[in-house]
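Computed over heavy atoms, backbone and side chain alike; hydrogens, waters and symmetry mates excluded. Naming: A, B, ... by sequence-line order, numbering from 1 per chain.
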Amino acid sequence: MTSARDWRGFLFVAPFLLLYSVILIFPLLRGLWLSLNQVDLFGAGHFVGAGNYVRLARDPVFGASLVQTFEVTLMIVPALTVIALALALALNRGGRGAALMRGIFFSSAVLSVTIVTLIWRFMLAPDAGFLGFAAKAFGVEPLPFLSDEHLVLPALAVTTIWWSVGFPMLLFLAGLQQIPEDMYEAAALDNAGRWTTLWRITLPSLRRTVVLVVMLQTAAQLQLFGQSQLLTAGGPSGASRTAVLFLFETAFGRWELGYASAAAEVLFLIILAVTLTQYWATGRATAAQDGR
Amino acid sequence: MAAKVLRNGLGPAGWAGLLAGAAIMLAPLVWTLLLSLKNNAELIGHSEAALRAPYTLQNYAAIIGNSLTLRWLLNSTIVALGTTAGVLILASLAGYGFARLDFPLRKILFVFVLIGLAIPSQAVILPQHQLFSWAHLHNSYPGLILPGLIAPFGVFFMTTYMRGIPRELDEAAMLDGASRWTIFWKIILPLTKPAQSTLAVFTFLGSWNDYWWPLISATRSDMYTLTVGLAAAQMNYAQTSGLGYLMAQAIFASFPIFIVYIIFQKQIVRAMAGTAVR
């Protein structure tokens, strides 16, 4: 009875929708259009159709940045998921000790990327850094993490894992809280051991949370930017240039707006495809679980 | 019984692993703190001096004496508070409209908002930058705040929360002749306080720590936020001559956010439990 259809309800959603259309939807469409044009800082630009995309496909710098983005994502996401899950399992208990530990493991997540990279640059630097200092104390030659082509991506991954372990840990803790106690009671009555309980009850119940964490983290790491820009400026010799850093350099370093927009669209499609694939995989996994 | 299975799960090895993990988490922060308390001259070429006394507060004194850092702090505060207030207002209004009123195209418009959840910021940043250039909004507070107000998640969150409030409440008010606005303002809004504070904390943290948009929108150093200002300082100090000062800036910039975190810690964890896993 409250719901006589009435256009006045539209007034409540109008302010958000107006801003949303102007600041998000219009730029989304405009970006698509830009990607089909050659635009620089000065001229109005001209239509080149798929030209930017063809150029991207042949650009080894863009190709390398995509490969590096995938590599660093693959280094981060599985490790982060496993570590966060282990922490949640260990810290899902009462008591001050566990609460303090939860606070410690989440604390780095409230820092901005600028501060994280500031801290880690002086952790990783071989001459002035903490790790270099620790290595010398043990009589080992310090590793040049940020200036070696093979070490730089793992170094970015470690920095990122340190920074972002707290949020997935909280998600897993929330997931653990939702598992009904009587499932554990039933397992205890069957004299199931700790490992059996973990494999047969806890992990299957967390399946949806695992997929959620993997989806969110994959989407986030495919957009990795600040660590790469601030820690290494993409170096040495481009070995840590990610796709978003490529986009940033192309747009705001060389002002090739059309070309950068095409790169943005490609990355957008990749993220969308990965997310949809994972979403589809969850649907199947859940269906298989329900149908057994 | 169940309690036993859950709570006795951690042996000495487990606790040792946890403590080692905690040490790894804290070591960078402690190292930063120690560096920030050292005389810059002492640190040149010998950062391990951070482990020895004497310690000094001179780097912090230098920050308080540096008007630019204080200006960045002010900018971050204005931008984060402005963004938070704006998101709360827009998301509450839209959430009420979508959750409890019926108007033409309501369902289609809601799906239209949900599409926004899937758009990564890098897909729109260039045209946004152009748009704000045309509107002459770069290097201004509205320019820094406006993109942060586009929070489809906030609308989704408030809509879901408001749907959970019993319908009988507004029906009774309706019979008393209250207008939609009165119902929203006097009845629904006070009931959404927990959701409001959760959304506020996440929006504030996100805005305070945002790097991407202020990096390209604020090009004048007096309009930098703390994140961007520190990034610029970081580039300048690559040669480590002002290491202690730089680290003091990092500690100084993190301080407000740690306060927010400590105050709202319980809220954050509860919010995750209530919303994210559904």
Side-chain angles (χ1 to χ4, degrees), chain A residues 1-3 5-7 9-10 12-13 15-17 19-20 23-24 27-28 30-31 34 90 93 101 103-105 108 110-115 118-120 123 128 130 133 170-171 174-175 177-178 181 184-185 188 194 197 209 223 226 230 244 247 251-252 257 260-261 264 267-268 271-272, chain B residues 1-2 5-7 9-10 14 18 22 25-26 28 31-32 47-48 90 93-94 96-98 101-104 109 113 116 118-120 122-124 126-128 131 146-147 149-150 155 170-171 174 205 209 211 216 227 230-231 234 240 246 250 253-254 257-258 261 265 269 272-273 276-277:
Chain A
M1 63 175 264
T2 41
S3 57
R5 183 165 279 212
D6 185 342
W7 66 269
F10 181 73
F12 283 91
V13 300
F16 178 79
L17 284 180
L19 272 179
Y20 177 75
I23 301 182
L24 195 71
L28 185 70
R30 168 99 191 149
L34 278 177
R93 62 193 67 234
M101 287 287 194
I104 289 173
F105 283 104
S108 60
V110 301
L111 301 174
S112 70
V113 67
T114 316
I115 292 176
L118 196 50
I119 291 173
W120 276 86
M123 288 293 287
F130 179 80
F133 161 67
L170 284 188
L171 286 176
Q177 303 278 318
Q178 296 196 333
E181 284 271 312
Y184 289 106
E185 279 165 26
R194 277 202 343 236
T197 311
T209 317
Q223 297 176 67
L230 289 165
V244 177
L247 188 163
F252 301 105
L257 297 185
S261 293
L267 189 60
F268 180 26
I271 293 173
L272 205 60
Chain B
M1 263 320 237
V5 177
L6 268 175
R7 290 184 188 97
L10 209 60
L18 264 183
M25 284 309 286
L26 288 177
W31 181 244
T32 305
S47 59
E48 68 272 20
L90 290 171
L93 285 171
Y96 178 67
F98 282 126
L101 300 174
D102 197 13
F103 49 88
L109 288 174
V113 171
I119 303 174
Q122 37 80 17
V124 291
L126 297 178
Q128 276 180 348
L131 184 70
L146 279 170
L149 300 187
I150 306 308
V155 174
D170 19 352
E171 281 169 14
M174 209 79 143
L205 281 176
N209 286 335
Y211 177 57
I216 66 164
T227 22
L230 275 180
Q234 192 174 346
T240 77
L246 202 52
S254 325
I257 214 72
F258 269 115
Y261 170 52
Q265 198 182 356
V269 177
M272 311 290 323
V277 190

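Aromatic ring centroids of A/Phe130 and B/Trp31 lie under 6.0 Å apart.
Using a 4.5 Å heavy-atom cutoff, the side chains of B/Val155 and A/Phe16 are in contact. Using a 4.5 Å cut-off on side-chain heavy atoms (C-beta onward), A/Ile23 and B/Leu149 make no contact. Residues A/Leu28 and B/Gln128 are not in side-chain contact: their nearest non-hydrogen atoms beyond the backbone lie 4.5 Å or more apart.
Both the backbone and the side chain of B/Leu230 come within less than 4.5 Å of a heavy atom of chain A. Residue B/Ile216 touches chain A through its side chain alone, counting heavy-atom pairs closer than 4.5 Å. Only the side chain of A/Leu34 comes within less than 4.5 Å of a heavy atom of chain B; its backbone N, CA, C and O stay farther away. Looking at B/Thr227, the atoms closer than 4.5 Å to chain A (heavy atoms on both sides) sit in the backbone and in the side chain alike. Both the backbone and the side chain of A/Leu230 come within contact range of chain B, judged by heavy atoms closer than 4.5 Å. The parts of B/Phe98 that come within reach of chain A are both its backbone and its side chain, each placing non-hydrogen atoms under 4.5 angstrom from that chain.
A donor-acceptor pair is defined here as one N or O able to donate and one able to accept, closer than 3.5 Å; no such pair exists between the side chain of B/Asn209 and the backbone of A/Val113.
Here the CG atom belonging to A/Leu111 is positioned 5.0 Å from the OG atom belonging to B/Ser254, to the nearest 0.5 angstrom. Rounding to the nearest 0.5 Å gives a distance of 10.5 Å between CZ of A/Arg30 and CG of B/Leu126. In this structure, OH on B/Tyr96 lies 5.5 Å from CZ on A/Phe12, to the nearest 0.5 angstrom. Here A/Ser108 contributes atom OG and B/Leu26 contributes atom CG; the two are 9.5 Å apart, rounded to the nearest 0.5 Å.
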Exercise for the section: Please assess B/Leu101 against A/Phe10 for the test side chain to side chain contact (heavy atoms under 4.5 Å, CB included), listing each intermediate value before the final yes or no. Expected result: CA-CA 8 Å; B/Leu101 300 174; A/Phe10 181 73; over 6 Å; no

Problem - side chain to side chain contact (heavy atoms under 4.5 Å, CB included) assessment of A/Asp6 paired with B/Asp102 - result: CA-CA 6 Å; A/Asp6 185 342; B/Asp102 197 13; over 6 Å; no

Problem - Test log, rule side chain to side chain contact (heavy atoms under 4.5 Å, CB included), inputs A/Phe105 and B/Leu18 - result: CA-CA 10 Å; A/Phe105 283 104; B/Leu18 264 183; 4.1 Å; yes

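Here the closest heavy-atom approach between residue A/Tyr20 and residue B/Gly116 is recorded as OH-N, 2.9 Å. Between B/Ala123 and A/Ala264, the shortest heavy-atom contact is CA-CB, 4.2 Å. Heavy atoms only, all atoms of each residue included: A/Ile115 and B/Ala253 are closest at CD1-CB, 3.7 Å. Heavy atoms only, all atoms of each residue included: A/Pro27 and B/Pro127 are closest at O-CG, 3.2 Å. Contact between B/Ala231 and A/Thr114 at its shortest, heavy atoms only, is N-CG2, 3.2 Å. Contact between B/Ala94 and A/Val13 at its shortest, heavy atoms only, is O-CG1, 3.5 Å.
Taking A/Leu118, A/Leu267, A/Ile119 one by one and counting their heavy-atom pairs under 4.5 Å with chain B, the maximum is reached by A/Leu118.
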